[in-house]
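Working notes for the structure below.
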Amino acid sequence: QVQLVESGGGLVQAGGSLRLSCLASEGTFSRYYMDWFRQAPGKEREYVAGLSWSGIITRYSDSVKGRFTVSRDIAKNTVYLQMNNLNPEDTAVYYCAVTSSNDWSPSVDSHEWWGRGTQVTVSS
């Protein structure tokens, strides 16, 4: 069983930055892909960014590429999402999720474990 707890959300003005954290069960990083998703009001949950179990492969959606950075601290069992140059379209609940599949996919259905999410609100 994998447990994930997100934190770091909040209210920020457009152009500002936030860093989200996802505390995972010990050993999660060595076995699973760690990904971030978000869901805005009235919209479907969408893939944002992620990190392979090796830490070598990082992925980003086109909408956040160049503004967001995913990283991890193995000693702290934590994956981070640094979000810069935020805009109101980034407003959403952000979720940390894990997939055990070796055939990685950005789909929501392919991720077995999820955190409860953290709210990010960007004001204009």
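For the side chain to side chain donor-acceptor pair (under 3.5 Å) condition, no pair includes a residue of residues 2-15, sequence neighbours left out. Evaluation of the side chain to side chain donor-acceptor pair (under 3.5 Å) test over residues 113-124, restricted to residues two or more places apart or in two chains, returns Gln119-Thr121.
Both Tyr94 and Val12 are assigned to one and the same hydrophobic cluster, defined by single-linkage of ILVMFWY side chains at heavy-atom distances under 4.5 Å. When the side chains of ILVMFWY residues are joined at heavy-atom separations under 4.5 Å, either directly or via intervening members, Ile74 and Val2 end up in a single hydrophobic cluster. The cluster map of Ile, Leu, Val, Met, Phe, Trp and Tyr, joined by side-chain heavy atoms under 4.5 Å apart, puts Leu23 and Val120 in different clusters.
Between Ser63 and Arg38 the shortest side-chain heavy-atom distance falls below 4.5 Å. Within the 4.5 Å cutoff, no side-chain heavy atoms of Thr28 are placed close to those of Asn77. For the pair Val64/Met83, no side-chain contact is recorded, criterion being any heavy-atom separation below 4.5 Å from C-beta on. Between Arg67 and Asp90, the closest side-chain pair of non-hydrogen atoms falls below 4.5 Å.
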Compile the donor-acceptor pairs under 3.5 Å between side chains in residues 100-108 and protein atoms, sequence neighbours left out, one pair per line.
unit_1	atom_1	unit_2	atom_2	d
Ser100	OG	Glu112	OE2	2.3
Ser101	OG	Asp103	N	3.1
Ser101	OG	Asp103	O	3.2
Trp104	NE1	Asp35	OD2	2.9
Ser105	OG	Ser107	N	3.2
Ser105	OG	Ser107	OG	3.3
Ser107	OG	Ser110	N	3.3
Ser107	OG	Ser110	OG	3.1

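A distance of 10.5 Å separates CG in Asp109 from CZ in Arg45, rounded to the nearest 0.5 Å. The OG atom of Ser21 sits 9.5 Å away from the CD atom of Gln82 when rounded to the nearest 0.5 Å. Taking OH of Tyr95 as the reference point, atom CH2 of Trp36 lies at 12.0 Å (rounded to 0.5 Å). Summarising the geometry, atom OG1 belonging to Thr78 is positioned 11.5 Å from atom CZ belonging to Arg72; distances are rounded to the nearest 0.5 Å. Distance check, rounded to the nearest 0.5 Å: OG of Ser25 to OH of Tyr32 gives 9.5 Å. The CG atom of Asp62 sits 11.5 Å away from the OH atom of Tyr47 when rounded to the nearest 0.5 Å.
No donor-acceptor pair closer than 3.5 Å links the side chain of Arg59 to the backbone N or O of Ser52.
By the 30° and 60° cut-offs, the orientation of the rings of Phe37 relative to His111 is perpendicular.
Taking both residues in full, the closest heavy atoms of Thr91 and Ala40 are given as O-CB, 3.6 Å, listed atom of the first, atom of the second, then distance. Between Gly8 and Leu18, the shortest heavy-atom contact is O-CD2, 3.9 Å.
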Would you sort out whether Met34 and Leu4 count as a side chain to side chain contact (heavy atoms under 4.5 Å, CB included), showing the intermediate values? CA-CA 10 Å; Met34 302 288 297; Leu4 305 167; 4.0 Å; yes

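For the side-chain contact (heavy atoms from CB on, under 4.5 Å) criterion with Val70, the lone passing option out of Leu51, Leu20, Val48 is Leu51.
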